[in-house]
Protein chains: 4
Amino acid sequence: MATQRRSPDATRRNPAVRRAILTAALELAAEVGYAQLSIEGIAARAGAGKQTVYRWWPSKGAVLFDALLMLSEGDADQAAELPDTGDLEADLKTVLRATVEELNDPRISEPMRALAVEMLIDPALAADYTERLDRPVKDLKRRRLRAAQAAGQLATDADIDLAVELIWGPLRNRWLYREGPLTAEFADAVVEAALNGLRPQPPAAG
Amino acid sequence: MATQRRSPDATRRNPAVRRAILTAALELAAEVGYAQLSIEGIAARAGAGKQTVYRWWPSKGAVLFDALLMLSEGDADQAAELPDTGDLEADLKTVLRATVEELNDPRISEPMRALAVEMLIDPALAADYTERLDRPVKDLKRRRLRAAQAAGQLATDADIDLAVELIWGPLRNRWLYREGPLTAEFADAVVEAALNGLRPQPPAAG
Amino acid sequence: MATQRRSPDATRRNPAVRRAILTAALELAAEVGYAQLSIEGIAARAGAGKQTVYRWWPSKGAVLFDALLMLSEGDADQAAELPDTGDLEADLKTVLRATVEELNDPRISEPMRALAVEMLIDPALAADYTERLDRPVKDLKRRRLRAAQAAGQLATDADIDLAVELIWGPLRNRWLYREGPLTAEFADAVVEAALNGLRPQPPAAG
Amino acid sequence: MATQRRSPDATRRNPAVRRAILTAALELAAEVGYAQLSIEGIAARAGAGKQTVYRWWPSKGAVLFDALLMLSEGDADQAAELPDTGDLEADLKTVLRATVEELNDPRISEPMRALAVEMLIDPALAADYTERLDRPVKDLKRRRLRAAQAAGQLATDADIDLAVELIWGPLRNRWLYREGPLTAEFADAVVEAALNGLRPQPPAAG
DNA sequence: ATCTAATCGAGACGGTACGTCTTGTCTTAAG
DNA sequence: CTTAAGACAAGACGTACCGTCTCGATTAGAT
């Protein structure tokens, strides 16, 4: 009979243990890949008991998720907004080039791919991720695109969500599916193609 | 690791057993999801010995892959080419709407998502998939777009691979990440946006 | 990679589980015989995980060995010495008749035969058995025979180990090889023959 | 009883294959021990198909049994009778010393121990063995002892079977249980003790 | 200054699935 | 037919982790 699991008291939580577990998770994810990653192994490497992991996280995906959050919280310089110099194309290229940098860092990239995989499997984790990481970032993107719309740099009838997908999707896919190298040139080409479309361009009107 | 086993003699292979295993894999993938799918379970449902599965496939992902191939080989009417009526936009909408249909069928969709996940984890499987399923289809897409280019319906300097990504990527992502319903309207909107780009359209010149 | 298997902490061991496993082993050994006995089956019948068996015993023979030890430890009345009434022949007959009783009880006899077989195969097990079960008993036998020697009931130049073999060996063999029924009469006959030898007896002097 | 399979036609049997299988069985038994011996391995080493082994023998014990028979049939000089010089004690020592020689040869000893083990497990095999190997030899022993009885060298009321056990048992046990080295001295001591008994000997009457 | 309630490391436990091994039957192809 | 070769169903092997539970030993807040 399931004894009423008293929800753990977060105030008593030992932050050193938390850090040790998250660090171990990141390292192991990078070393052995997500499939071979195990809670047993994380606890062992962190010098923690298994129950300590299970007390605070429901799955190995959740551990990894928090680990990535810990990483990104290190960035105190997280922009509250995407840059807006008035030149949409230039701003987007700046942002995508920065993303390219990040995804080329295996310490971030490998655990992140692992997490992406887990989200495809675990809907609860996906919802959590969407809520806490994806949505805030997506809101930034939407805000920047709406500003561009207001400034006449984007079609007034453009579907903003679809626009986000056209601009950021190709980069994510090339990364996730390892379909090719992530370069600044690719980032630029995507921005240009998404903004201009694929049809022949009419001669610039003056 | 895997010592080079004497490669099994495929001519002796029992096709009925092969079919039973692939069918069992498809059914179980649809029923319990990829995570709970096990070679143990596949063998049991197929009435096969575990060794028979391990003899012919290196992983559960590989089984599922062959199972999907078996499904698609049932389609004798597989187009050797994408439709080309001369109207690129209409043709693309036709193709994407058909894809939408397919992805809304859980018997195809669920095992396919499972396979997509496994490919992210297993590079060998990903390479096999790319070689045998993805590349042929992608070649069809490229060929159709090059024809459009020749017909002046696509910019002469367009990167064909990037174009494929812009057109087909959003649909794949919405499906894989369950980011929203897959509808014919969405398919149409993607085609239009990809072809026209996101910038305000200049007044049609005549 | 093989992490050094830390020897399990015996203090944490659950005695109820231990008993369940040993009991299951005894029952199965009696039911299906040693060859068909499997660790898988023992764990299943005991309602225990396989790992729990493997954690504490290296082989099915070792399980059975402990099971028999458990049985014999139930005998709180285990004699610290063989009986010594001063009449060697009578005492030996008493002891061998008791052994006959025991070997005719299939609950003891069947697992014991199974263990005997395994010892022939597994030298480590044989050494363990000799150390923990056979030697103590053999020492009792030796002690009783030496007392008889001192009392002039045994030849002073008799090889005690050989004497043990002559007295107890025939019973063990008839049991192990199923060469005939184990009866009190047989026990008596063995004792007499071993003590008197096979040659014609000279007329009793006085 | 094994369902009566259509008994294979022994006249068509290929004797070279038979020899190859029996030789392989002997070699493997000596090399890896009985536990690790497998029909799979025997067939492989003999360059034979598994079915060929299964067609002619019901178990690996049966193969080994025939293999040992093949060995002993090589001895064309098999005595039809045990030596009878009129001196029982001397004759028995001769016979037991010869047995000691044989048991010290690992090419004979190892497969024989393996067979002994299997007989403990497999009653059908034990019956077959008793019928074809043990009984003929035991009859020789009995015959020699009865002759001694008639010659007044053995007590007239001695149980012949028990006598056989007292004389030959200790050697077999020391061998089977590896309880000590097999030497001519041990053989002699056994014969003397069995014949004379363990009690103090009365002074020889003239 | 104790008491109490939680965390924490440790690891036993019942399980599931793994990937390998052998068994004994069956099929194929060559002789 | 016999034979070598080997696919096949079945199931035991021993291993890795799973997620739950229990055990002392620290802690740290509340008395």
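Since the model is a prediction, treat every value here as computed from it, not as a measurement. Here is the naming used below: chain letters follow the sequence lines, and residue numbers restart at 1 for every chain.
Between the side chain of B:Thr52 and the backbone N or O of B:Ala48, no donor-acceptor pair lies under 3.5 Å. For B:Lys60 (side chain) and B:Tyr34 (main-chain N/O), a donor-acceptor pair under 3.5 Å exists by modelled atom type.
For D:Ile42 and F:dA4, the CD1 to C1' distance is 17 Å, given to the nearest whole Å. When the P atom of E:dA30 is taken as reference, atom CG of B:Asp9 falls 12 Å away, rounded to whole Å.
Using a 4.0 Å cut-off between a side-chain N of Lys or Arg and a carboxylate O of Asp or Glu, C:Glu31 and C:Arg45 qualify as a salt bridge.
Scanning for side chain to side chain donor-acceptor pair (under 3.5 Å) contacts around B:Arg132 gives B:Asp128, with sequence neighbours left out.
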Distances under 3.5 Å between protein N/O atoms and the N/O atoms of nucleotides 13-18 of chain E, please, pair by pair.
from: E:dC13; atom 1: OP1; to: C:Asn14; atom 2: N; distance (Å): 2.8
from: E:dC13; atom 1: OP2; to: C:Trp56; atom 2: NE1; distance (Å): 2.5
from: E:dG14; atom 1: OP2; to: C:Gly49; atom 2: N; distance (Å): 3.3
from: E:dG14; atom 1: OP2; to: C:Thr52; atom 2: OG1; distance (Å): 3.0
from: E:dC18; atom 1: OP1; to: B:Ile39; atom 2: N; distance (Å): 2.9
from: E:dC18; atom 1: OP2; to: B:Ile39; atom 2: N; distance (Å): 3.3
from: E:dC18; atom 1: OP2; to: B:Glu40; atom 2: N; distance (Å): 2.7

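Sequence neighbours left out, the pairs with a member in residues 34-43 of chain D that pass salt bridge (Lys or Arg N to Asp or Glu O under 4.0 Å) are D:Glu40-D:Lys50.
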